[in-house]
Participant: 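A single structure is presented below for examination.
Letters A, B, ... are given to chains in the order of the sequence lines, protein chains preceding strands, and every chain is numbered from 1.
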Amino acid sequence: MKKLAYYLFPKYYQKTLLLRSNLSPALRNYLLKPLINKKMLIKDIEFLVLDFETTGLNPAKEKIISMGYTVIKDMHLLAASSQHLLINPEQSLTEENVSIHQLTDDDLSQGIGLNDAMDKLFSEMNNRVVIAHFDNIEKRFINCACQKLYKINCLPMRMLDTLKIENRKMMNTKGYIQPESLRLFSLREKYNLPRYKAHNAMQDAISTAELFLAQVSHMGDANTIELKDLI
Amino acid sequence: MDIEALEVIDFLKSTLPLDSATTAQLESLVKEIQIGYRKRKHVLTLKPNFLYLVRKGAVLIEDENEQLFSILGERQWFGYNAQLVLYSHSCQEDTLYYKIPKKLFFELFSQQSSVHHFFVDAGLESSIKVQNIVKQNSLLDNSVLSMSRANDAYTIDPSTSIRDVAQLMSSKNVTSVVVTEGTTLRGIVTDRAFCTKVAATGLDVSSPVSDIMTTNPISIAHYKSGVEAMLLMANSHIRHLPILKNNQVVGVVTAADLLRKQSHNVVFLINEVLVSETVGELKKISQQVPLLLQHSFESNMDEHDITYSISSVGRSINQQLLKQAEALLGEPPIAYAWVVAGSLARSEQIAHTDQDNLLILSDDYDEKLHGEYFSKLSAYVSDGLDECGYVYCPGDVMATNPKWRQPVSVWRSYYNSWISSPDPKALMYASIFFDLKCIYGSPELLDDMLSGVLNNTQKNTIFQSHMAHNAEHYTPPLGFFRNFIVDRHGADAKTLDLKRKGVVPIVDFSRVYALSHGVRAINTQDRLRELMDIHALSQSGVSDLIEAYKFINLVRIEHQSRQIKNGQSIDNFVPTKEISSLDQKHLKDAFGIVSNMQSAMSSQYQTSIL
């Protein structure tokens with residue numbers, strides 16, 4: 001029911017969330033700002049490009065171990081805004097996790113708690129549109145964290161997915177899609193973007209941000225594209 | 001943020017001029033970077049207070065007349081020059097670029113003059129000039145004066161007794177003294193004179209030194225290079241050279257001084273050539289030429305000096321073969337000039353090339369009387385050259401071909417017909433037969449033959465246009481690195497022919513201008529400098545072109561030197577992966593310069609109407 005309410009009456013839903021007393025100041029500030037209007041021009045919007053690293057795919061069982069993000073303003077990525085947060089999962093990692101992320105228990109024991117990480121994220125998301133490549137992971141883990149910390153099942157967000165943007169484009173032009181071709185790595189190559197060696201949440205967020213800039217540039221005049229054209 | 005983890009840092013660190021930046025500087029720099037992306041053909045709007053750097057892709061710059069000005073690739077900067085900001089910058093490819101506030105950038109590097117110079121001097125998006133500032137400094141150390149031992153020049157009066165001179169030389173441990181009157185150089189006395197002129201003849205040692213000195217000795221200007229001094233010594237069979245500055249003796253350089261400074265031994269090689277009596281001996285010496293190239297390159301010799309040395313060895317091999325032939329066949333019945341063409345004539349040889357030579361005979365030539373002598377002479381030299389690695393010319397431009405073994409009057413008629421009816425074959429011959437050098441026999445014959453010819457080329461504008469058109473045949477591969485522009489000649493994607501694509505266009509260009517302005521010099525750099533002196537070409541144009549030429553040639557020499565080291569046979573095809581990204585950038589700049597000069601030539605000589 002609540003989910004439906006969010007889709008049908010987002011402003012009302014946001015107001016009801018603000019009535020709660022358990023919200024952190026960062027989350028409250030976030031909810032105070034209305035969502036970005038879909039008719040707003042892309043060039044006037046600030047974006048927060050996100051990448052999470054998690055111990056697995058199921059948000060109910062698995063944990064976020066790092067967050068990387070960067071900001072796009074005036075259609076330029078601001079390198080100074082790039083951040084990498086390590087999150088203490090309060091559990092031991094499996095060997096598989098370590099081999100993928102190159103993050104060890106020792107690294108992560110230095111990390112911050114999930115609530116602090118989410119607060120940082122809320123303040124960065126404030127008045128911005130969120131972008132991820134294959135946003136399912138980020139969206140579900142954010143919602144799960146909100147559920148865990150604040151009993152909010154569905155956080156109001158404006159979110160773009162560079163994978164979906166490309167998917168739609170390919171369906172329109174070619175009519176079919178090879179799943180491999182939608183991977184971040186393949187798409188970057190397609191747009192003549194450099195190949196990066198390092199893989200951590202921050203570098204991947206930057207990679208996604210550059211891909212987004214490339215996609216928009218190829219869509220035509222950035223001065224006329226509206227947010228709704230990308231959703 | 002964890003800046004050090006960003007790939008941007010690595011990228012900047014390996015981008016000129018930031019190679020000298022500290023980690024702290026790079027981290028402050030990264031904080032200010034904005035990353036942008038524009039698709040192909042997008043015209044960029046530059047903001048004057050920002051500096052731009054191509055991260056990936058390519059940016060095309062065109063001037064107000066929509067003429068190609070430059071193409072920038074990865075790691076190249078734009079927007080730093082207020083004048084260039086007005087030019088059109090468009091994306092030649094999908095391009096990811098970095099944008100940095102100028103004020104912050106220059107504040108950050110205010111202490112590093114190299115960073116500042118990089119942008120100040122980079123007029124044509126070119127860091128070639130920057131590189132040359134460094135080079136010029138090292139060239140100073142290459143002067144002959146710097147190679148002589150400072151206290152070596154003892155000057156004495158002509159009236160000093162032989163005994164006093166001997167005592168001075170012995171106490172100072174020098175092998176020569178210079179005899180001067182006032183400040184004017186009068187002679188030189190070497191230790192050898194005491195053997196041949198004093199001891200051997202029993203001369204009274206109280207006689208004045210002027211009795212045994214070599215009068216009016218060969219001298220050298222203080223700024224000349226060590227290699228030039230060596231070659232002067234080798235060619236004149238002397239071992240001591242007074243060094244002059246403003247006609248005053250400032251030092252003496254000896255062969256020993258020079259050899260100490262030079263790890264390679266072009267002089268030894270030439271000396272050995274001069275004493276060899278058979279083709280077999282010459283062949284052995286000639287096999288040392290690749291090593292000479294490698295050593296010269298590795299000891300950081302200037303490109304001009306390297307090609308000059310290699311050519312000198314080639315010339316002396318020619319000369320020695322002619323001496324051997326004359327010893328075998330007897331005195332020549334009439335005067336002749338042995339003339340070489342091509343890179344050997346221009347002193348631009350870097351490896352064994354095919355031989356291009358011809359004979360100019362005096363007009364006393366009578367086929368019945370003299371034909372056999374010169375046919376045998378040519379055959380001996382040509383076969384000998386082939387043995388020595390200077391293989392037969394595939395186009396048969398050799399003195400063994402009767403067509404190219406003719407008296408002056410016949411040669412003159414050849415030139416007249418080439419100039420008056422420049423068909424493709426004539427133009428091909430013209431490009432060969434205008435770079436000539438007589439290296440044995442009577443040089444007057446060549447001068448005699450060419451005297452009228454240069455007048456004709458200077459007057460005949462149709463011939464000039466044809467030559468210019470011909471010189472457009474080879475163009476620099478502007479788009480070679482990363483396929484910016486598809487190469488019109490469809491060059492092999494993996495290697496770059498630096499001779500045809502880089503050197504030949506400049507050589508041809510210089511020849512066209514030299515011929516149409518009556519410049520007699522043969523060497524490409526000499527031609528360009530003389531053209532500059534008579535204002536036929538601009539000073540900046542010439543210095544850019546010479547730098548470009550030197551740089552392209554140096555990359556070519558480096559490539560061949562590497563092949564020699566690895567025991568491979570030598571060629572001019574440089575694999576791109578062998579060229580460092582820095583050199584690629586310089587090469588691209590150099591090609592840009594050549595391309596600009598070529599288009600200037602095309603419009604000046606109106607080749608488009610042909």
Participant: Ile206(A) versus chain B, heavy atoms under 4.5 Å apart: side chain, backbone, both or neither?
Facilitator: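 Only the side chain of Ile206(A) comes within 4.5 Å of chain B.
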Participant: Step through the shown structure and confirm whether more than 12 heavy atoms of other residues, nucleotides or ligands are within 6.0 Å of CZ on Arg183(A).
Facilitator: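 Atom CZ in Arg183(A) is not crowded, with 12 or fewer foreign heavy atoms closer than 6.0 Å.
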Participant: Distance check, rounded to the nearest 0.5 Å: Glu210(A) atom CD versus Arg55(B) atom CZ?
Facilitator: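 Here the rounded value is 7.5 Å.
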Participant: Hey, is CZ on Arg562(B) packed in by over 12 heavy atoms from elsewhere, all under 6.0 Å?
Facilitator: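 Correct, the count exceeds 12.
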Participant: Hey, does Lys56(B) have a side-chain heavy atom less than 4.5 Å from the side chain of Leu193(A)?
Facilitator: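 Leu193(A) vs Lys56(B): side chains apart.
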Participant: Between Asn192(A) (side chain only) and Asp94(B) (backbone N and O only), is there a donor and an acceptor less than 3.5 Å apart?
Facilitator: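 Yes: the side chain of Asn192(A) pairs with the backbone of Asp94(B).
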Participant: Is atom NZ of Lys190(A) surrounded by more than 12 heavy atoms (other residues, nucleotides or ligands) closer than 6.0 Å?
Facilitator: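 Yes, NZ of Lys190(A) has more than 12 neighbouring heavy atoms, counting only those of other groups under 6.0 Å.
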Participant: Taking the six-membered ring for Trp, are His76(A) and Tyr98(B) closer than 6.0 Å centroid to centroid?
Facilitator: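 No: the rings miss the under 6.0 Å criterion.
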Participant: Report, as yes or no, whether the 6.0 Å neighbourhood of atom NZ on Lys102(B) holds more than 12 heavy atoms from other residues, nucleotides or ligands.
Facilitator: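 Yes, NZ of Lys102(B) has more than 12 neighbouring heavy atoms, counting only those of other groups under 6.0 Å.
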Participant: Using a heavy-atom cutoff of under 4.5 Å, enumerate the residues of residues 224-231 of chain A that contact chain B, numbered in order, or state 'none'.
Facilitator: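 Answer by number: none.
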Participant: For atom NZ of Lys41(B), is the number of surrounding heavy atoms from other residues, nucleotides or ligands below 6.0 Å larger than 12?
Facilitator: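 Count not over threshold, so no.
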Participant: Counting only heavy atoms not in Lys47(B) (residues, nucleotides, ligands), do more than 12 fall under 6.0 Å from its NZ?
Facilitator: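 Open.
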Participant: Okay, side chain of Gln203(A), backbone of Glu7(B): is any donor-acceptor separation there less than 3.5 Å?
Facilitator: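 Between the backbone of Glu7(B) and the side chain of Gln203(A) there is a qualifying donor-acceptor contact (under 3.5 Å).
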Participant: Taking side-chain hydrogen bond (donor to acceptor under 3.5 Å, both in side chains) as the test, write out the residues that go with Arg38(B), two or more places apart.
Facilitator: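 side-chain hydrogen bond (donor to acceptor under 3.5 Å, both in side chains) check on Arg38(B) returns His42(B).
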Participant: For the atom pair CD1 (Ile35(B)) and OG (Ser82(A)), what is the distance rounded to the nearest 0.5 Å?
Facilitator: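 Ile35(B) atom CD1 to Ser82(A) atom OG measures 7.0 Å (nearest 0.5 Å).
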Participant: Given heavy-atom pairs under 4.5 angstrom as the criterion, report whether the side chain, backbone, both or neither of Leu96(B) touches chain A.
Facilitator: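 Side chain only.
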Participant: So does Leu57(A) have more than 12 non-hydrogen atoms from other groups sitting under 6.0 Å from CG?
Facilitator: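 Open.
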Participant: With rounding to the nearest 0.5 Å, note down the distance linking CG in Leu77(A) to NZ in Lys99(B).
Facilitator: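 Taking CG in Leu77(A) and NZ in Lys99(B), the distance rounds to 12.0 Å.
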Participant: Between Tyr37(B) and His218(A), how do the two ring planes meet: parallel, tilted or perpendicular, split at 30° and 60°?
Facilitator: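 Rings of Tyr37(B) and His218(A): tilted, as their planes differ by 30° to 60°.
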Participant: Show the nearest heavy-atom pair for residues Lys39(B) and Ser217(A), with the distance to one decimal.
Facilitator: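 Heavy atoms of Lys39(B) and Ser217(A) come nearest at N-OG, 2.8 Å.
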